[in-house]
Amino acid sequence: MREILRFLGALLLGLLLVGGTAGAGLFLLLQGEEALARELLRLAREKAFLLLFLAFLFALVLAALLHPLFLGYLAATRALGQEAEVLLANPGHRLRLKGPFELQGLARLINRLAEEKEALEKEVEARVAEAKALLTREREVLATLIAHLPQGVVLANPKGQVLLYNPPARRLLGEGLGAGKSLFGLLDRSLLAHALALPEERFLTQGPKGPLRLQAVPLEAGFLLLLEEAREEGALEEATLHRLKDKLAGLKALVEALEGEASPSLKPLLRVARATAEALSRLVEGLKAPVRAEEVRAEDLLALLAEALEREAGLSPGFSLKEGAEGLLVQADTYALARGLAATLAGEEEVFWEGGRQGNLFRLTLLFPHPAPKPHPLLQKAVEAAQGSLWREDGRLHLLLPAREAPSLPAPQGPPPRAEVVDPALLLVPEALEDAPLEGLLYTAFDLETTGLDPEKDAIVALGAVHVLGRRVLHQETFEALVDPGRPIAKAATEVHGLTWEMLKGKPRLEEVLPAFKAFLEDTVLLAHNGAFDLAFLRRVGVGEPPLVDTLLLAHLLFPDLKDHRLEALAERFGVPVLGRHTALGDALMTAEVFIRMVPLLKEKGYTTLGAVLSACRRLPLARLRY
């Protein structure tokens, strides 16, 4: 609208100049020629309509001549300005010399300034790299050391957001673990608080992928979490004792059999062997497997026992925890209890567990639709080892175990200090997500490959994603999966992504891959190029909650007068290498790299928060496109 008003103003000015010049000429021509003036005035009255028509026709011709020159000049100027903004993110980019001569001269000057800026930035980067060389080496040594530790190591800030972790931690906690994500979605908050209050102790809990032992060490800038898979060391020792007893029993039986058949000369030797076997038997009888008593939260204990019972006995019990027992720390050997319960409930088809508090004890009641079965000796032994008690009552089996109240951890006073590994300021997201700064969010850049373009009929064949923290692409946190679509793939689709059904047969189905993909997306803002297409496929399988940042819409927002907004064109414009194009992970990585270079340009235009960007994108005509 502004350009149209400017054009109309220029046209009016041109008409005034032409009309004024013609009027001045006539005035000078008619000086002293009164008869000629009267004749011209009479003629003008008679031909007024014709004169107005000629004036209108002249205005149209003038407008037709000015339109391409004036508006074309404006468009070329705007395009030059928009392309020049790319230099803020990529000083290596150079403007193309096209358009009017004056604009070409301006483009040359801008390119010279860009060269100087690029040289200065390289010099600054070299000096910064030199200044940080020692710190980088120290961090590399620390990262290498942590990576080679057999235990899982997670460094988190006071809010539980992950700053650093090693591969064993990712293996134990699964795809839901990532830089910037919260540990409280993977591990119980109250258990972590209890563990921080007792940094010397290890605690057993239920992790996303099975039982874990964890130890939490408080730090000035958060806490350090040490994780190990829960291994049943005591059970192995007990099994070894059983094997020793079996072997000794066999040895004594062999000696007794030989005593009846051996010659008199060998009998003294057999008597020595018998005495040795009996002495060893007495020693083994005196040995006991070490008692393992651990403090486990009541809700974790029920979950651990239920999982073990389903695994060992094929029985899935329902269970509930009464009010007042939450957070209660129960002293028990969960492995021994699980073995005893599995042996006791062998052959049962239905059972319900109920946990509650009884003074300073934890009471576990097993409810049966018939008289309760007799407790197996393994269960009795496990309860006695924990200094608890066990009895039957009609259709109920009661277990009492020692317990205590978990101490509460006082809230930290004052603002948390800055972390050394990842700047915690990047993770301070306000509760109203749309008020969060663009550089303070954790994104997941993702892409899909499909069997075709119709979300209602076609299927997903590949998923790729990478995390982006602010303006940093986390290349170590990626997700990639090929999916068997269960159907042939159209030739046109194969020509795009290179995947055939023969290549995908035997790969996991989509329903097998989705849980891990959902965990990878959790607690992040979605980021994609032409994301409406990908979301149309994901929404059909229950994935894809807003908000979504679309780099295609951002390109139209930043460069409305540039014609090419394809991902390859944006990558070339920002100096991003075009690698792995039309592979899910390759496109996701390219989208992430393009986005982090768009952020400073968005801030220059005043789009500093997520809400401002989303609101501006919603106003674009392209945002109304639906698949």
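Being a predicted model, the structure only gives us computed values, none of them experimental. When reading the values below, keep in mind they use all heavy atoms of this one structure, side chains included, and skip hydrogens, waters and symmetry mates. Here, residue 1 is the first one in the sequence, and each next residue gets the next number.
A distance of 14.0 Å separates CG of Leu226 from CZ of Arg213, quoted to the nearest 0.5 Å. In this structure, the separation between CG on Leu367 and NE2 on His398 is 8.0 Å, given to the nearest 0.5 Å. Remark: Gln161 CD to Leu183 CG distance equals 9.5 Å, nearest 0.5 Å. Note: Leu390 CG to Leu379 CG = 5.0 Å, rounded to the nearest 0.5 Å. Remark: Glu228 CD to Leu172 CG distance equals 9.0 Å, nearest 0.5 Å. Note that the CG atom of Leu499 and the OG1 atom of Thr494 stand 7.5 Å from one another [nearest 0.5 Å].
By the 4.5 Å heavy-atom criterion applied to side chains, Leu187 and Leu212 are counted as neighbours. Taking 4.5 Å as the limit, every side-chain heavy atom of Phe517 sits out of range of all side-chain heavy atoms of Leu510. Side-chain contact between Leu400 and Trp391 is present, with heavy atoms from C-beta onward closer than 4.5 Å. For the pair Glu350 and His370, the minimum side-chain heavy-atom distance is 4.5 Å or more. No side-chain heavy atom of Phe319 sits less than 4.5 Å from a side-chain heavy atom of Leu364. Within the 4.5 Å cutoff, side-chain heavy atoms of Leu329 are placed close to those of Arg297. Between Asp523 and Leu442 there is no side-chain heavy-atom pair separated by less than 4.5 Å. A heavy-atom distance below 4.5 Å is found between the side chains of Leu526 and Leu535.
Side-chain atoms of Arg509 come within 3.5 Å of backbone N or O of Asp484 as a donor-acceptor pair. In this structure, the side chain of Glu307 does not engage the main chain of Leu305 through any donor-acceptor pair within 3.5 Å. A donor-acceptor pair under 3.5 Å is absent between the side-chain atoms of Asp300 and the main chain of Pro211, judged by distance alone. Within the 3.5 Å criterion, the main-chain N or O of Ala179 finds a donor-acceptor partner in the side chain of Glu477. Looking at Gln215, its side chain does come within 3.5 Å of a backbone N or O of Pro199 through a donor-acceptor pair. Proximity of a side-chain donor or acceptor of Arg357 to a complementary backbone N or O of Gly359 within less than 3.5 Å is detected. Using a distance-only test at 3.5 Å, with no hydrogens or angles considered, no donor-acceptor pair links the side chain of Thr451 to the main chain of Asp458.
Contact between Pro375 and Leu397 at its shortest, heavy atoms only, is CG-CD1, 3.7 Å. What you find for Phe362 and Ala298 is that their closest heavy atoms are CE1-CB, 3.7 Å. The heavy-atom pair separating Ala465 from Thr444 by the smallest distance is CB-CG2, 3.7 Å. When all heavy atoms of Leu337 and Ala332 are compared, the closest pair comes out as CD1-CB, 3.7 Å. Looking at every heavy atom in both residues, Leu315 comes nearest to Glu348 through CD1-O, 3.7 Å. Across all their heavy atoms, Thr450 and Gly452 have their closest contact at OG1-O, 2.5 Å.
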What verdict does the side chain to side chain donor-acceptor pair (under 3.5 Å) test give for Glu449 and His497, after you've listed the backbone C-alpha separation in whole Å, the side-chain angles of each residue and the deciding distance to 0.1 Å? CA-CA 7 Å; Glu449 301 298 338; His497 50 60; 5.0 Å; no
side-chain contact (heavy atoms from CB on, under 4.5 Å) assessment of Leu164 paired with Val153: CA-CA 8 Å; Leu164 177 69; Val153 179; over 6 Å; no
side-chain contact (heavy atoms from CB on, under 4.5 Å) between Leu219 and Leu155: does it pass, once the steps are laid out? CA-CA 9 Å; Leu219 305 172; Leu155 180 66; 3.4 Å; yes
Applying salt bridge (Lys or Arg N to Asp or Glu O under 4.0 Å), run through Glu354 and Arg396 and close with a yes or a no. CA-CA 10 Å; Glu354 188 177 76; Arg396 303 185 177 200; 5.3 Å; no
Intermediate values then yes/no, side-chain contact (heavy atoms from CB on, under 4.5 Å), Lys374 and Gln380: CA-CA 10 Å; Lys374 182 179 179 181; Gln380 291 179 332; 5.6 Å; no
Check step by step if side-chain contact (heavy atoms from CB on, under 4.5 Å) holds for Phe446 and Thr591. CA-CA 8 Å; Phe446 73 97; Thr591 301; over 6 Å; no
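Atom NZ of Lys505 has more than 12 heavy atoms from other residues, nucleotides or ligands within 6.0 Å. By the 6.0 Å contact criterion, CD on Glu511 is enclosed, its count of non-hydrogen atoms from other residues, nucleotides or ligands being greater than 12. Heavy atoms of other residues, nucleotides or ligands lying less than 6.0 angstrom from CD of Glu512 number more than 12. The neighbour count for Glu502 CD, taken as heavy atoms of other residues, nucleotides or ligands under 6.0 Å away, is above 12.
For the pair Lys181 and Phe520, the cation sits on the ring face: its NZ or CZ lies under 6.0 Å from the ring centre, inside 45° of the axis.
Gln476 and Tyr165 share no side-chain donor-acceptor pair at under 3.5 Å.
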